[in-house]
Amino acid sequence: MASPRTRRLMVDAELIRRRFAHWPLIEISGTAGIPPEIYRFTYRVKGLYVDAGGNILERDTHLLEVNLSLDYPRRAPQCRMLTPVFHPNFDDASVCIGDFWAASEGLDELVIRIGRMIAYQEYNTRSPLNGLAAKWAAQNESMLPVDDRVIAPPSEAGPEPAGAVSLQAATTRTGAVPSFAQQPATAGTHSGSETGGGQDTVQGHDLGRDPWNEKIVIEA
């Protein structure tokens, strides 16, 4: 008889396969193990990264690796980005999921949450892995999210509402992303504490403006 962990891996594999089979925003790009213990997912979601010159730029393809350790699901999956992401809750080695992981949560839901994080639909500036990204996000709330599309595929219960929040202590921005055009935006100095607001609708955008197509220089 299969062990509880093996049965859980089999359930996760079936849910992942069914949930993302025909969904263009999240693709299973690789697995290892039978049943799989390591996954690679490709996200076709807008996110941010920092180039060698210190400029914040947009990218629309991201690669995530998820490793299900021997202690899974009691311990959270080990998640790391294989492509650069500028976000308060990502660093070069890991993705911070400790605030919301529970053994009862399906792996498919975790993958969707990370997609929302890449898009800046969810972020936590209070306990960041990347303090500079947290500072930048607090200064530029009106420009977020970077991508406001629904990240989760439709389910039997109906499509997920845009901007849904389930990350504890996260700051979530919902609403229309500004229509992108030609004006630069520069992160200024920050004299306050690193805090995030509550859920609201982004208002007051100049809809002829594209902050992401221009270089945004990070100031120390």
Side-chain angles (χ1 to χ4, degrees), residues 12-32 36 38-51 55-68 77-92 94-97 100 105-123 129-130 133 136-137 140 143-167 170 172-181 202 210-216:
D12 280 333
E14 178 62 16
L15 284 174
I16 290 287
R17 183 190 64 79
R18 288 205 323 259
R19 192 111 192 242
F20 304 124
H22 304 291
W23 187 236
L25 301 187
I26 304 174
E27 175 188 338
I28 307 168
S29 48
T31 63
I38 299 175
Y39 290 87
R40 286 189 177 179
F41 296 94
T42 298
Y43 293 89
R44 293 182 175 86
V45 173
K46 292 178 183 177
L48 303 177
Y49 76 104
V50 179
D51 71 5
N55 303 301
I56 304 175
L57 303 175
E58 182 183 292
R59 64 181 299 141
D60 56 14
T61 303
H62 312 267
L63 187 60
L64 170 74
E65 182 175 277
V66 178
N67 189 332
L68 307 177
Q78 298 168 3
C79 302
R80 67 186 182 103
M81 298 302 300
L82 303 181
T83 49
V85 175
F86 182 68
H87 187 283
N89 310 120
F90 294 71
D91 64 16
D92 292 340
S94 62
V95 180
C96 182
I97 61 172
F100 55 77
E105 181 174 30
L107 185 60
D108 57 324
E109 291 297 332
L110 175 63
V111 171
I112 290 167
R113 287 173 187 265
I114 293 175
R116 292 195 194 109
M117 292 167 72
I118 292 170
Y120 270 88
Q121 294 177 15
E122 296 186 2
Y123 58 95
L129 289 177
N130 185 331
W136 181 90
N140 294 278
M143 299 165 69
L144 305 176
V146 180
D147 192 332
D148 68 346
R149 291 176 295 174
V150 176
I151 305 300
S155 64
E156 289 84 358
E160 175 190 3
V165 184
S166 51
L167 175 61
T172 304
R173 294 293 171 200
T174 62
V177 175
S179 178
F180 296 148
V202 176
D210 183 353
W212 305 120
N213 284 350
E214 298 293 332
K215 294 182 176 180
I216 306 171

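Everything quoted here is computed from the prediction, not taken from an experiment. Computed from heavy atoms alone, side chains included, the values below leave out hydrogens, waters and symmetry copies.
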For [X], enumerate each residue passing the side-chain hydrogen bond (donor to acceptor under 3.5 Å, both in side chains) test, keeping only those at least two apart in sequence or located in another chain.
{"X": "Asn130", "result": "none"}
{"X": "Glu105", "result": "Arg113"}
{"X": "Thr31", "result": "none"}

Rounded distance [0.5 Å steps], [atom1] in [X] versus [atom2] in [Y]:
{"X": "Asp51", "Y": "Phe86", "atom1": "CG", "atom2": "CZ", "value": "11.5 Å"}
{"X": "Arg17", "Y": "Asp108", "atom1": "CZ", "atom2": "CG", "value": "12.5 Å"}
{"X": "Ile118", "Y": "Asp60", "atom1": "CD1", "atom2": "CG", "value": "11.5 Å"}
{"X": "Asp147", "Y": "Leu48", "atom1": "CG", "atom2": "CG", "value": "10.5 Å"}
{"X": "Glu122", "Y": "Met117", "atom1": "CD", "atom2": "CE", "value": "7.5 Å"}

Do side-chain atoms of [X] reach the backbone of [Y] as a donor and acceptor pair under 3.5 angstrom?
{"X": "His62", "Y": "Met81", "value": "no"}
{"X": "Thr42", "Y": "Glu27", "value": "no"}
{"X": "Asn140", "Y": "Trp136", "value": "yes"}
{"X": "Gln121", "Y": "Val150", "value": "no"}

To check you understand the geometry: which heavy-atom pair defines the closest contact between [X] and [Y], and what is its length?
{"X": "Leu64", "Y": "Arg80", "result": "CD1-O, 3.5 Å"}
{"X": "Ile97", "Y": "Cys79", "result": "CD1-SG, 4.0 Å"}
{"X": "Val111", "Y": "Tyr43", "result": "O-OH, 2.7 Å"}
{"X": "Leu63", "Y": "Ser29", "result": "CD1-OG, 3.5 Å"}

message: Does the plane of the ring in His87 sit parallel, tilted or perpendicular to the ring in Tyr123? Use 30° and 60° as the thresholds.
response: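 His87 and Tyr123: perpendicular rings.
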
For residues [X] and [Y], determine if any side-chain heavy atom of one lies less than 4.5 Å from a side-chain heavy atom of the other.
{"X": "Ile112", "Y": "Ile26", "result": "yes"}
{"X": "Val66", "Y": "Phe41", "result": "yes"}
{"X": "Pro36", "Y": "Ile16", "result": "no"}
{"X": "Tyr49", "Y": "Leu57", "result": "yes"}
{"X": "Pro84", "Y": "Arg59", "result": "yes"}
{"X": "Pro154", "Y": "Trp23", "result": "yes"}
{"X": "Tyr120", "Y": "Pro88", "result": "yes"}
{"X": "Leu68", "Y": "Leu107", "result": "yes"}

